[in-house]
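Labels below follow one simple rule: chain letters A, B, ... track the order of the sequence lines, proteins then strands, and each chain is numbered from 1.
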2 protein chains.
Amino acid sequence: MRYAKDVSDVEEPEPSLASRLRLAVVRLNRRLRAQRTDSSVTLTQISALSCLYNWGPLTPGELAAKEGVQPPSMTRVIAALEEHGFVTRRPHPTDGRQAIVEVTDEGRRFVRAEVCARERWLDQRLAALDTEERAVLTRAAEIIDRMAGQ
Amino acid sequence: MRYAKDVSDVEEPEPSLASRLRLAVVRLNRRLRAQRTDSSVTLTQISALSCLYNWGPLTPGELAAKEGVQPPSMTRVIAALEEHGFVTRRPHPTDGRQAIVEVTDEGRRFVRAEVCARERWLDQRLAALDTEERAVLTRAAEIIDRMAGQ
DNA sequence: GCAGATCGTGAGGTACGCTAAGGATGTGTC
DNA sequence: GACACATCCTTAGCGTACCTCACGATCTGC
């Protein structure tokens with residue numbers, strides 16, 4: 001059921017793309033966070049770990065920038081990942097202020113194994129789509145990442 | 001920079017669609033939440049209000065189900081929206097346990113006006129895309145919503 | 001009536017962002 | 001060399017948003 005709209009309201013006959021995209025993203029994000037595995041690694045930590053996995057060693061500041069969060073937020077994520085043994089921190093060779101965060105072998109194993117397991121829910125949903133729909137989502141992921149990234 | 005992969009690891013030469021979609025959604029969601037307007041209405045509240053706007057009066061339980069959250073979480077959202085005067089609660093005509101939550105005229109005005117203003121950031125980003133990319137996102141929003149919805 | 005199911009709510013906990021402020025290190029200027 | 005200033009990371013504190021567990025009120029079947 002939808003509320004009747006003014007006859008004069010013709011410039012927006014249905015929810016805008018922004019509205020629909022926002023709702024879709026918020027909803028999917030909630031579902032993704034709700035997928036708890038027994039492991040105590042959170043979605044935010046996985047996201048940062050994947051970033052390090054894909055980009056190689058980074059400083060905390062660089063990692064925060066790539067993830068689009070403020071440096072203080074990343075500090076806690078790195079600390080949790082370090083406690084899990086998934087990343088290590090070593091001093092920067094030339095700049096004593098900075099540090100280098102790097103994925104450990106165990107972290108790489110985790111990315112390749114646990115992460116996939118964690119994404120089982122999403123994988124199942126994606127598997128239920130047809131090829132063309134998956135192609136749409138693949139392109140959408142690129143576009144969204146470009147839009148939100150940086 | 002990417003870590004070299006095992007030669008034998010050919011079944012997944014790049015991050016899976018699930019991985020990329022998850023990263024894109026998490027990142028965009030963070031950006032959306034970071035868009036604070038002066039109004040004190042949060043993204044979660046807007047999402048629920050939009051749902052009521054589109055579907056008509058619902059009980060708290062139905063609303064929670066549509067948004068994909070647990071009923072206790074929705075209780076607080078409804079209370080906040082009621083405090084803003086955007087929704088009203090009236091008793092269920094036949095079932096004393098339930099309640100009916102409905103958008104007020106002010107709430108409808110808010111959805112049509114303030115929500116769009118709040119989405120200015122996303123609108124600007126979307127405007128920078130070309131027609132074909134927006135079409136991809138429109139379809140993707142439908143697909144994601146169907147995947148995450150219910 | 002009364003037991004059990006259902007619905008909404010209250011309480012408490014965790015995750016995850018933010019801003020503000022502090023401490024350590026680098027850098028430019030005199 | 002010493003000082004002022006910038007930069008980087010971290011700590012502290014706050015707010016939002018979700019969860020689970022537990023409770024009271026109400027409906028339903030016997």
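T94(B) comes within contact range of the sugar-phosphate backbone alone, with a heavy-atom separation under 4.0 Å but no base atom that close.
Note on T44(B): a side-chain N or O is less than 4.0 Å away from OP1 or OP2 of dC18(D). Neither OP1 nor OP2 of dC16(C) sits under 4.0 Å from any side-chain N or O of R30(B).
Atoms CG (L32(A)) and C1' (dC16(C)) sit 15 Å apart, rounded to a whole Å. In this entry the distance linking NE2 of H92(A) with P of dG26(C) reads 10 Å, nearest Å. Rounded to a whole Å, the CZ atom of R31(B) is 21 Å from the P atom of dT16(D). Put simply, CD on Q70(B) is 15 Å from P on dA22(D), counting in whole angstrom units. Rounded to whole Å, atom C1' of dC18(D) lies 13 Å from atom CG of L43(A).
A ring-ring contact (aromatic ring centres under 6.0 Å, His included) check over residues 126-145 of chain B, counting only residues at least two apart or in different chains, returns nothing.
No continuous path of ILVMFWY side-chain contacts below 4.5 Å connects I144(A) to L23(A), so the two sit in separate hydrophobic clusters.
For E67(A), the side chain to side chain donor-acceptor pair (under 3.5 Å) criterion is met by S47(A), R27(B), R30(B), not counting sequence neighbours. For E83(B), there are no side chain to side chain contact (heavy atoms under 4.5 Å, CB included) partners at least two apart in sequence or on another chain. By the side chain to side chain donor-acceptor pair (under 3.5 Å) test, T131(A) is found to be paired with no residue, residues two or more places apart in sequence or in another chain being considered. Partners of D130(B) under the side chain to side chain contact (heavy atoms under 4.5 Å, CB included) rule, at least two apart in sequence or in another chain, are E132(B), E133(B).
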(request) Take nucleotides 3-12 of chain C nucleotide by nucleotide from the 5' end and write B, S or -, depending on whether a protein heavy atom sits under 4.0 Å from the base, only from the sugar-phosphate, or from neither. (result) ---BSSBB-B
